[in-house]
Amino acid sequence: MTLKGAFFAASALVSVSATALTAEVLTIATVNNGDMIRMQGLTADFTAKTGHEVNWVTLEENVLRQRVTTDVTTKGGSFDIMTIGMYETPIWGANGWLVPLDDLSEEYDVDDLLPAMRNGLSHDGTLYAAPFYGESSMIMYRTDLMEAAGLEMPDAPTWEFIREAAVAMTDRDAEINGICLRGKAGWGEGGALITVTANSFGARWFDENWTPQFDQPEWEEALTFYVNLMNDAGPPGYATNGFNENLSLFQQGKCGMWIDATVAASFVTNPNDSTVADKVGFALAPNHEGVEKRANWLWAWALAIPAGTQKADAAKEFIEWATSKDYIELVAANEGWANVPPGARTSLYENPEYQKVPFAQKTLDSILAADPNNPTVDPVPYVGVQFVAIPEFAGIATDVSQEFSAVYAGQQTVAEALEKAQALTVDAMEAAGY
């Protein structure tokens with residue numbers, strides 16, 4: 001070997017050794033949905049580029065929230081990266097529980113993040129979590145069943161039309177439910193959908209003086225409508241159905257309509273997983289006749305770094321990789337443009353290839369229609385569409401959602417649930433000093 005060759009060989013060995021010495025093993029907590037599972041399958045690309053290994057802790061949504069909340073509040077250090085959302089991020093950032101993402105690379109292009117997502121994941125102008133994907137809610141429906149019912153889905157339907165269509169499409173003998181909606185307890189599960197439904201009926205969680213509003217007629221009308229709709233046209237046992245359960249039902253051809261996260265559009269139109277992939281249409285989330293608000297939420301599943309980690313630098317490398325333009329291109333190359341994580345970057349919706357995806361524009365329209373600063377018909381003192389951005393909300397809303405799930409299961413009446421919801425919310429808010 002020449003002297004020059006020996007020098008380059010030694011340099012390469014030093015480089016490899018340095019990579020091995022600085023490589024970390026990152027533990028990431030995430031939710032068990034399709035986009036996150038797809039990311040896990042592509043992690044070898046990250047490891048090849050950085051040398052860092054990844055251990056995944058994949059949890060059902062309600063369990064994930066409990067685990068990461070406990071870990072971040074105690075600075076337990078169990079996770080180096082957490083999958084959290086728009087509710088937790090500003091609160092935890094303000095408390096100093098998250099590492100600021102204010103030094104991401106120029107190549108990452110923070111300014112390309114959709115303003116709705118960037119603002120929702122920031123506190124005092126500082127980004128504390130990067131959106132893996134963004135979403136609102138919309139209607140996914142069987143075009144063949146709608147046609148067989150002699151109906152045509154409007155681009156922006158009312159709840160009254162949804163009820164008419166759901167009843168018309170229901171065929172109990174064929175195990176086809178006219179509509180599938182969430183009933184599972186949990187503030188981010190069934191609680192999210194009933195909250196935006198209530199918004200669309202003119203209800204609100206609190207008035208301007210932070211007085212709970214479950215004793216008002218708008219809540220009674222919304223919850224009664226929801227229960228009657230699901231009893232007449234929903235699947236049996238819907239009180240325990242969340243996102244994943246309804247996704248499975250829809251993919252099996254057992255739902256005429258499904259109102260849920262826009263991110264589900266890629267799953268229900270994927271012929272590898274969905275038996276009705278070529279029979280799906282999309283529409284904006286509904287409103288109650290005479291009410292201007294629609295039942296659409298605003299959310300991002302995002303990646304954040306808890307302050308308790310000792311591996312913040314490597315964690316930032318992963319976040320840049322997983323929420324980058326390059327990652328979107330990686331998914332597109334492997335699984336097609338319809339399966340890239342949606343709703344996070346402006347450039348995605350300017351991409352001619354993505355504009356061909358049938359649900360792309362409807363997803364963007366749904367995201368832009370949600371206004372976290374004005375989520376209800378009447379004024380409110382809080383920010384958030386399907387949540388109230390105060391620390392006490394998660395506990396209160398989980399308890400309230402359990403009361404509502406008991407109604408869905410036939411264990412109590414609407415009036416009883418609302419009375420309990422009002423009482424427990426009043427008690428919790430008084431204890432918190434509101």
Side-chain angles (χ1 to χ4, degrees), residues 25-47 52-69 71-72 78-89 98 101 113 117 120-121 129-137 182 184 186 188-189 192 242-248 251 260-270 272-274 297 299-306 315-345 348 363:
V25 178
L26 298 170
T27 301
I28 304 178
T30 195
V31 67
N32 63 339
N33 66 30
D35 281 294
M36 297 301 183
I37 292 170
R38 180 178 293 123
M39 175 170 55
Q40 295 175 38
L42 295 171
T43 308
D45 180 78
F46 169 72
T47 299
H52 303 311
E53 301 284 344
V54 177
N55 287 333
W56 291 95
V57 179
T58 307
L59 303 166
E60 187 268 332
E61 182 172 330
N62 288 338
V63 178
L64 173 74
R65 295 187 196 283
Q66 294 168 358
R67 289 278 301 276
V68 299
T69 299
D71 194 66
V72 79
S78 296
F79 307 114
D80 302 302
I81 298 172
M82 295 174 166
T83 304
I84 61 176
M86 286 186 171
Y87 166 66
E88 300 95 343
T89 300
L98 301 175
L101 301 181
L113 299 178
M117 300 302 154
L121 296 169
F132 180 69
Y133 67 74
E135 67 179 34
S136 184
S137 46
R182 300 187 190 192
K184 180 183 285 188
E189 272 282 9
F243 175 86
N244 285 326
E245 291 81 7
N246 285 327
L247 169 62
S248 178
Q251 289 178 325
D260 213 297
T262 51
V263 72
S266 67
F267 306 142
V268 298
T269 56
N270 186 337
N272 295 325
D273 302 317
S274 176
W297 62 59
W299 185 253
W301 275 121
L303 301 177
I305 305 170
K316 285 182 183 178
E317 289 185 63
F318 182 87
I319 286 177
E320 286 210 21
W321 173 81
T323 64
S324 67
K325 297 176 187 177
D326 287 345
Y327 179 83
I328 290 173
E329 295 277 356
L330 177 65
V331 175
N334 281 272
E335 303 196 34
W337 282 102
N339 293 308
V340 304
R345 288 188 170 271
L348 178 62
T363 295

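What you are looking at is a predicted structure, and each value in this text was computed from that prediction instead of being measured.
When all heavy atoms of Ala344 and Tyr133 are compared, the closest pair comes out as CB-CA, 4.3 Å. When all heavy atoms are compared, the tightest approach of Arg182 to Gly188 is NH1-O, 3.0 Å. Here the closest heavy-atom approach between residue Pro131 and residue Ala300 is recorded as CB-CB, 4.3 Å. Nearest approach of Ser266 to Ala338, heavy atoms of both residues: CB-O, 3.0 Å.
The existence of a salt bridge linking Arg65 and Glu88 is confirmed by a sub-4.0 Å separation between a basic side-chain nitrogen and an acidic carboxylate oxygen.
Distance CG/Asn33 to CG/Leu247: 9.5 Å, rounded to 0.5 Å. Taking NE2 of His52 as the reference point, atom CG of Leu26 lies at 6.5 Å (rounded to 0.5 Å). Rounding to the nearest 0.5 angstrom, the gap separating the CG atom in Leu303 from the CD1 atom in Ile28 is 7.0 Å. In this structure, Thr89 OG1 and Leu121 CG are separated by 5.0 Å, a value rounded to the nearest 0.5 Å. Of the inter-residue distances, the one linking Asn32 atom CG with Phe243 atom CZ reads 9.5 Å to the nearest 0.5 angstrom. Here the straight-line distance linking atom NZ of Lys325 with atom CZ of Arg345 works out to 6.0 Å at 0.5 Å rounding.
The residue from Val331, Thr323, Leu348 that alone fulfils the side-chain contact (heavy atoms from CB on, under 4.5 Å) condition with Pro341 is Val331.
Below 30°, between 30° and 60°, or above 60°: for Phe318 and Phe46 the angle between ring planes is above 60°, a perpendicular geometry. Relative ring orientation between Trp301 and Trp299 is described as perpendicular, the plane-to-plane angle rising above 60° on a 0-90° scale split at 30° and 60°.
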Next on the checklist: Using the rule given for side chain to side chain contact (heavy atoms under 4.5 Å, CB included), can you reason through Thr83 versus Met36, listing the C-alpha separation, both sets of side-chain angles and the distance that settles it, and then say yes or no?
Outcome noted: CA-CA 9 Å; Thr83 304; Met36 297 301 183; 3.6 Å; yes
Checklist entry - Given Val340 and Asp35, is the side chain to side chain contact (heavy atoms under 4.5 Å, CB included) satisfied, shown in steps? => result CA-CA 8 Å; Val340 304; Asp35 281 294; over 6 Å; no
Next on the checklist: Between Leu330 and Leu42, does the side chain to side chain contact (heavy atoms under 4.5 Å, CB included) criterion hold? Intermediate values first, please.
Outcome noted: CA-CA 8 Å; Leu330 177 65; Leu42 295 171; 4.2 Å; yes
Next on the checklist: For a side chain to side chain contact (heavy atoms under 4.5 Å, CB included) check, start with the C-alpha distance between Thr47 and Trp321, then their side-chain angles and the critical distance, and finish with the verdict.
Outcome noted: CA-CA 10 Å; Thr47 299; Trp321 173 81; over 6 Å; no
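Annotation: side chain to side chain contact (heavy atoms under 4.5 Å, CB included) contacts of Thr262 (sequence neighbours excluded): Glu135, Ser136, Met138, Thr363, Ser366. Qualifying side chain to side chain contact (heavy atoms under 4.5 Å, CB included) partners for Pro306, counting only residues two or more places apart in sequence or in other chains: Val72, Met82. Listed by chain and number, the residues in a salt bridge (Lys or Arg N to Asp or Glu O under 4.0 Å) with Asp273 amount to none (sequence neighbours excluded).
Within the 4.5 Å cutoff, no side-chain heavy atoms of Tyr327 are placed close to those of Asp45. Residues Gln66 and Glu60 are not in side-chain contact: their nearest non-hydrogen atoms beyond the backbone lie 4.5 Å or more apart.
For Asp71 (side chain) and Ser78 (main-chain N/O), a donor-acceptor pair under 3.5 Å exists by modelled atom type. For the pair Asn339 (side chain) and Glu335 (backbone), a donor-acceptor distance under 3.5 Å is present. Side-chain atoms of Thr27 never come within 3.5 Å of backbone atoms of Asp80 as a donor-acceptor pair (strictly under, hydrogens ignored). In this structure a side-chain-to-backbone donor-acceptor pair under 3.5 Å is present from Ser137 to Trp297. In terms of modelled atom types and a separation under 3.5 Å, the side chain of Ser274 and the main chain of Asn270 share no donor-acceptor contact. For Gln251 (side chain) and Ser248 (main-chain N/O), no donor-acceptor pair under 3.5 Å exists by modelled atom type.
When the shell of 6.0 Å around CZ of Arg67 is examined, it contains 12 or fewer heavy atoms from other residues, nucleotides or ligands.
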